[in-house]
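Everything on this sheet refers to the single structure shown next.
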Number of protein chains: 2
Amino acid sequence: MINLEWYRIFLHTARTGNLTHAAKELYVTQPSVSYAIKQLEAELGVTLFHRLSKGVELTEEGKALLGFVEESLAVLDAGETRIAAMKRLGGGELRIGASQSLIKHVLLPHLNTFHEEYPDIRIRLSPGKTNIILQRIREGQLDCGLVHLPAAGEGLTIHPLGELQDGFFAGAPFRHLAERTLSTQELSELPLLSFSEDSSTRIFAEQWFAAEHSAFEPDIELGSVELLAEFASEGFGIALLTRAFVQKELAAGRLFELQTERPVPPRAIGLALHHERKLSLAARPFVDRLLENAP
Amino acid sequence: MINLEWYRIFLHTARTGNLTHAAKELYVTQPSVSYAIKQLEAELGVTLFHRLSKGVELTEEGKALLGFVEESLAVLDAGETRIAAMKRLGGGELRIGASQSLIKHVLLPHLNTFHEEYPDIRIRLSPGKTNIILQRIREGQLDCGLVHLPAAGEGLTIHPLGELQDGFFAGAPFRHLAERTLSTQELSELPLLSFSEDSSTRIFAEQWFAAEHSAFEPDIELGSVELLAEFASEGFGIALLTRAFVQKELAAGRLFELQTERPVPPRAIGLALHHERKLSLAARPFVDRLLENAP
DNA sequence: ATCATGGTATAAATCCTCTCTATGACAAAG
DNA sequence: CTTTGTCATAGAGAGGATTTATACCATGAT
């Protein structure tokens with residue numbers, strides 16, 4: 001069997017035309033080179049060099065081979081260079097999945113500082129529903145995903161990242177409710193605003209209401225935190241929202257939070273990773289940073 | 001230092017996605033493959049495979065590398081194939097130098113049988129003067145040369161191949177000379193036909209005449225055996241020719257040989273080879289055959 | 001001629017790397 | 001809960017590459 005190392009030795013020898021010099025270049029001794037060349041010649045069944053008194057000289061066969069070997073090793077060299085470049089994060093790509101609201105309110109601040117530090121890493125954000133994100137992580141199309149917990153962890157590792165506190169928020173027209181403490185029952189009879197059917201927030205709310213023996217049946221379904229806040233402040237109804245996401249509206253007095261009889265349970269969010277696949281060099285520092293803050 | 005063998009192992013592993021299978025393909029054990037991959041990863045400083053529970057899977061870096069390695073090893077493969085083809089003499093080339101007359105009368109018969117046996121070897125004949133041929137052998141542009149001896153053997157090996165007998169030939173108008181035995185002196189006074197100044201035949205003749213205290217001064221100089229024979233048979237004079245080369249003309253009676261007082265010394269011819277360079281695979285059998293017949 | 005120089009080949013001992021055996025750990029599937 | 005298939009690891013071992021030392025050869029200078 002041909003040892004590919006012999007080709008490297010062959011190349012140096014062919015270029016220098018001198019076993020001794022080739023040996024020096026390769027940091028080995030001359031007999032070592034002599035031996036390797038002989039092995040290669042034996043394996044190929046041809047003489048590759050004429051041994052002259054002042055060095056060696058490629059035979060026709062050797063000349064023919066040299067072209068191939070040069071190209072081959074050059075390609076490998078290019079490969080190694082590419083890898084080295086990727087190692088310096090140059091070619092890196094960070095693929096994150098998250099819901100729209102988590103992207104905006106949780107991910108964005110982290111991404112900003114991360115991108116400053118690693119400007120060469122291309123960030124690809126995939127907005128999507130939790131279960132879709134998890135699926136894509138399983139398939140290796142995403143490096144990680146920011147999802148609401150609990151998440152079906154088939155083949156995934158979930159790192160809890162912290163909790164978000166949801167609440168019910170309304171605008172001026174419902175100001176009279178501010179002084180009261182509302183039961184789930186009462187809430188369910190008010191006009192409710194919420195995300196659409198299959199969002200995790202919606203599912204969470206339905207489950208909670210069900211546990212309280214009520215039904216969560218929103219009158220208006222909307223697709224983003226912004227729209228819900230907007231509609232609520234206009235008085236269309238009571239919106240179920242994450243408190244942290246509407247800080248601005250609260251501070252400005254456009255929204256206020258309703259008191260509930262029983263506190264809305266906090267919802268954990270977590271970072272989902274593939275349980276076996278190792279993180280790419282580009283993803284590693286990002287994930288590390290994320291987990292540092294809230295492990 | 002990266003061992004190029006690792007790349008071969010990497011390639012098989014990447015293709016099978018399974019260390020165990022790669023190991024089988026390579027006729028080694030699984031830990032061996034595991035070890036090699038780890039070495040390569042350590043040397044490159046990146047992880048090349050995700051280790052999953054049902055095999056391995058290329059990382060981004062691994063995928064990037066794979067293309068290079070595939071190409072590289074394919075090129076080497078092509079090289080080995082080419083060499084194998086050359087070994088079967090397919091790509092062989094036999095470069096012979098010789099004078100015009102030796103080509104026609106000595107080389108041709110050998111070349112015919114040789115070409116029948118090795119039809120794939122391209123034969124390149126270089127007609128030329130002896131010293132030019134020797135020079136080109138020294139430079140490696142010719143594999144061998146058929147030359148008149150003695151030849152200046154600087155850096156060359158000369159194998160004697162046999163002797164050629166020269167003689168003086170004339171046509172019908174000189175028939176009256178046929179019964180006599182001529183001295184060199186007498187010959188020099190007859191109209192002589194010969195090769196041009198720097199041909200080895202001419203030099204040989206001049207030296208011989210000088211040794212006999214005469215001068216060899218041809219009236220007509222011509223460039224080929226055929227022309228000399230033609231002119232001689234037409235009666236232009238006496239031609240100095242190699243006997244074996246004019247057999248046909250002798251048999252047909254168009255020429256006859258003159259008797260000389262002292263026999264023309266035979267001239268040796270030889271095969272000149274480079275003293276250090278090994279013969280190419282294409283040249284080897286030809287030279288062997290040539291030397292077999294007349295060593 | 002003789003010697004010095006610069007090159008390769010060879011022999012034998014050594015060393016190191018790769019390979020193997022054996023085993024562990026882990027996940028998936030039955 | 002066992003079986004099966006996978007990779008990782010440890011330790012022993014073998015064998016090939018490397019080194020050291022030397023021979024050999026051609027060349028060119030003394």
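Residue numbering restarts at 1 for every chain, and letters A, B, ... go by the order of the sequence lines.
A centroid separation of less than 6.0 Å is found between the aromatic rings of A:Phe10 and A:Phe49. Aromatic ring centres of A:Phe286 and A:Tyr118: separated by at least 6.0 Å.
Distance A:Leu52 CG to D:dG28 C1': 17 Å, rounded to the nearest Å. In this structure, CD of B:Glu43 is placed 11 Å from P of C:dT17, rounded to the nearest angstrom. Atoms NZ (B:Lys278) and C1' (C:dA9) sit 13 Å apart, rounded to a whole Å. If you measure from atom NZ of A:Lys24 to atom P of D:dT19, you get 13 Å, rounded to the nearest angstrom. Rounded to an integer number of Å, the gap from B:Met1 CE to C:dC16 C1' is 17 Å. Atoms NE2 (B:His50) and C1' (D:dA8) sit 18 Å apart, rounded to a whole Å. Rounded to an integer number of Å, the gap from B:Leu4 CG to C:dT17 P is 16 Å. Between B:Glu5 atom CD and C:dC16 atom C1' the separation is 17 Å, expressed in whole Å.
Between A:Glu41 and A:Lys38, none of the side-chain N atoms (NZ, or NE/NH1/NH2) sits under 4.0 Å from a carboxylate O, so this pair counts as no salt bridge. Ion pair A:Glu93/A:Arg124 flagged as a salt bridge, since at least one NZ, NE, NH1 or NH2 atom sits closer than 4.0 Å to an Asp/Glu carboxylate oxygen. At a threshold of 4.0 Å, the pair A:Glu292-A:Arg289 does not count as salt-bridged, since none of the basic side-chain nitrogens sits closer than that to a carboxylate oxygen. Taking a cutoff of 4.0 Å between a charged side-chain nitrogen and a carboxylate oxygen, A:Arg15 and A:Glu70 qualify as a salt bridge.
At C:dT8, one or more side-chain N or O atoms of A:Thr20 fall inside 4.0 Å of OP1 or OP2 (strictly under the cut-off). OP1 or OP2 of C:dA29 lies within a sub-4.0 Å distance of a side-chain N or O belonging to B:Lys54. Using a 4.0 Å cut-off, no side-chain N or O of B:Asn3 falls inside it from OP1 or OP2 of C:dT17. For the OP1/OP2 pair of C:dG6 and a distance below 4.0 Å, the side-chain nitrogens and oxygens of A:Asn18 include no atom meeting the criterion.
Of the possible donor and acceptor atoms, one in the side chain of A:Thr59 sits under 3.5 Å from a partner among the backbone N and O of A:Thr47. A donor-acceptor pair under 3.5 Å is formed between the side chain of A:Asp143 and the backbone N or O of A:Arg95.
Proximity note for A:Arg51 (side chain, C-beta onward) versus D:dC7, D:dT6, C:dT8: the nearest is C:dT8.
Side chains of A:Glu57 and A:His50: no donor on one and acceptor on the other come within 3.5 Å.
Near DNA chain C, meaning a heavy atom under 4.0 Å away, the residues from residues 27-42 of chain A are A:Gln30, A:Pro31, A:Ser34, A:Lys38.
Along DNA chain D, the nucleotide nearest B:His275 and the nucleotide nearest B:Leu19 are compared for position; the residue whose nucleotide lies closer to the 5' end is B:Leu19.
Relative to the axis of its first five pairs, the axis of the last five pairs of the helix from C:dA1-D:dT30 to C:dG30-D:dC1 sits at 10°, rounded to 10 degrees.
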